Amino acid sequence: MIHLKDSEVKFIKHKDEALLINLRQVINEFFPNDSSYYSSLSNEDYRLIVHEAQEAINEKDFTRIICLDLQKEILSYIKEESFLIQSNLYLRAVRSVSTQDTESINWHRESFYGPNMEKSINIWTPIENIDKDNTLNFIPESQQIPDDEIKIQQEDDLITRKGSTGNKIGFLYAPKKIIGGVDLNSKAPMVVPYHSSSIFPGNLIHGAGRNNASKIRFSVDFRIMPLSAYDPSKSKQIHLASGKSYFEPL
């Protein structure tokens, strides 16, 4: 386990090295062509493919597989005896920014998009074609910034509609843009070692994982919730993409 001082980001190596191999096999079933083919697709046609691949990954219950593989380290991180897991993970299949500037989620923290989500923990697993130049970025120590010190501006997205395919694969229909209170120039790349996942607080500001390479950048992510932090009167109850409970027992 690698601890990045003061950032609360940890990298955890997977015990089962077949895990990422199996994930790639599922993804390759839906992405058999060269990246240039997918670059030529419209946003909607491309997002339909990503959604189909995401559904296949979730049918194989990879959220649970990842958490069971990393369970000991996760429990050590949250310093608790149990946690809940998000019922469906998101597949991030980010095309080159030369194709569309609509491929990645901008700077955010989980409390922007759900009650009680400031207590959630993110798990991000790079799968393929990720390097220091196109990886997820984060603002070190930003989990310590109170929400009321961050200035945000919310606007309807021009492409993604509520309940659309894009929304179901994690794109936001009314994204909140950080316009003050955070030094976004202090960003750091989240360079995760191969066969590892990163774990970090939901309130660590992260995002802006633009892909400047020619190949599609694949990763998956989901949230967990320490059992003591879960409040059914506040926490998200339904996962939009699946219609299942948002959090469920491991």
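Numbers here are sequence positions counted from 1. In this text, all values refer to a predicted model and were calculated from it rather than measured experimentally. Hydrogens, waters and symmetry mates are skipped; everything else that's a heavy atom, side chains included, is used.
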Mind listing the side-chain donor-acceptor pairs of residues 23-33 below 3.5 Å, one per line with the distance, residues two or more places apart or on another chain?
unit_1	atom_1	unit_2	atom_2	d
Arg24	NH1	Tyr194	OH	2.9
Arg24	NH2	Tyr194	OH	3.1
Asn28	ND2	Arg24	O	3.3

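A donor atom on one side chain and an acceptor atom on the other are not found under 3.5 Å apart for Asn203 and Glu110. No hydrogens or angles considered: nothing links the side chains of Asn137 and His206 as a donor-acceptor pair under 3.5 Å.
Proximity of a side-chain donor or acceptor of Ser120 to a complementary backbone N or O of Ile224 within less than 3.5 Å is not detected. Checking side-chain atoms of Thr135 against main-chain N and O of Ile130 turns up no donor-acceptor pair under 3.5 Å. Between the side chain of Asn211 and the backbone N or O of Ala213, at least one donor-acceptor pair lies under 3.5 Å. When atom types are taken as modelled, the side chain of Glu80 and the backbone of Pro226 share no donor-acceptor pair closer than 3.5 angstrom. With hydrogens and angles disregarded, a donor-acceptor distance shorter than 3.5 Å links the side chain of Asn129 to the backbone of Ile216. Side chain of Tyr77 to backbone of Glu8: a donor-acceptor contact under 3.5 angstrom is found. A donor-acceptor contact shorter than 3.5 Å links the side chain of Asn116 to the backbone of Ala229.
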Residues Lys15, Glu73; criterion salt bridge (Lys or Arg N to Asp or Glu O under 4.0 Å); working and verdict: CA-CA 11 Å; Lys15 291 181 284 294; Glu73 291 81 2; 3.4 Å; yes
Taking it one step at a time, do Leu172 and Asp157 satisfy side chain to side chain contact (heavy atoms under 4.5 Å, CB included)? CA-CA 7 Å; Leu172 304 164; Asp157 188 82; over 6 Å; no
Could you go step by step and tell me if Asp147 and Arg109 meet the salt bridge (Lys or Arg N to Asp or Glu O under 4.0 Å) rule? CA-CA 9 Å; Asp147 273 350; Arg109 60 179 12 171; 2.6 Å; yes
Start with the C-alpha gap between Ser104 and Arg217, add the side-chain angles, then the distance that decides, and say whether side-chain hydrogen bond (donor to acceptor under 3.5 Å, both in side chains) holds. CA-CA 10 Å; Ser104 61; Arg217 191 204 79 178; over 6 Å; no
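Taken to the nearest 0.5 Å, the CG atom of Leu89 stands 10.0 Å off from the OG atom of Ser219. A distance of 7.0 Å separates OG1 in Thr125 from CG in Leu20, rounded to the nearest 0.5 Å. Distance check: Thr165 OG1 to Ile49 CD1 gives 11.5 Å after rounding to the nearest 0.5 Å. With rounding to the nearest 0.5 angstrom, the OH atom of Tyr90 is 7.0 Å from the CZ atom of Arg92. Here Ser111 contributes atom OG and Gln143 contributes atom CD; the two are 12.0 Å apart, rounded to the nearest 0.5 Å. One finds the CD atom of Glu118 at 14.5 Å from the CG atom of Leu204 (value rounded to the nearest 0.5 Å).
Taking the side-chain contact (heavy atoms from CB on, under 4.5 Å) definition, one finds that Tyr230 meets it with Leu84, Met225, Pro232, Ser235, Gln237, Phe247, sequence neighbours left out. Residues meeting the side chain to side chain donor-acceptor pair (under 3.5 Å) test with Glu52, sequence neighbours left out: none. Here Ile152 pairs with Phe112, Ile150, Lys176, Ile178 under the side-chain contact (heavy atoms from CB on, under 4.5 Å) rule; sequence neighbours left out.
A salt bridge is absent between Arg161 and Asp156: the closest approach of a Lys/Arg side-chain nitrogen to an acidic carboxylate oxygen does not fall below 4.0 angstrom.
Shown here is Gln154, whose CD atom has more than 12 heavy atoms of other residues, nucleotides or ligands within 6.0 Å. Under a cut-off of 6.0 angstrom, the local environment of OH in Tyr173 is sparse, with at most 12 non-hydrogen atoms contributed by other residues, nucleotides or ligands.
Figure legend: Arg95 and Tyr46 shown as a cation-pi pair, the cationic atom lying under 6.0 angstrom from the six-membered ring centre and within 45 degrees of its axis.
Proximity of Trp107 to Ile139: side-chain heavy atoms (C-beta onward) are separated by under 4.5 Å at one or more points.
Counting only residues at least two apart or in different chains, side chain to side chain donor-acceptor pair (under 3.5 Å) contacts with residues 177-187 are absent. Applying the side chain to side chain donor-acceptor pair (under 3.5 Å) test to pairs two or more places apart or on separate chains, those with a residue in residues 58-71 are His14-Asp69, Asp61-Arg64, Arg64-Glu248.
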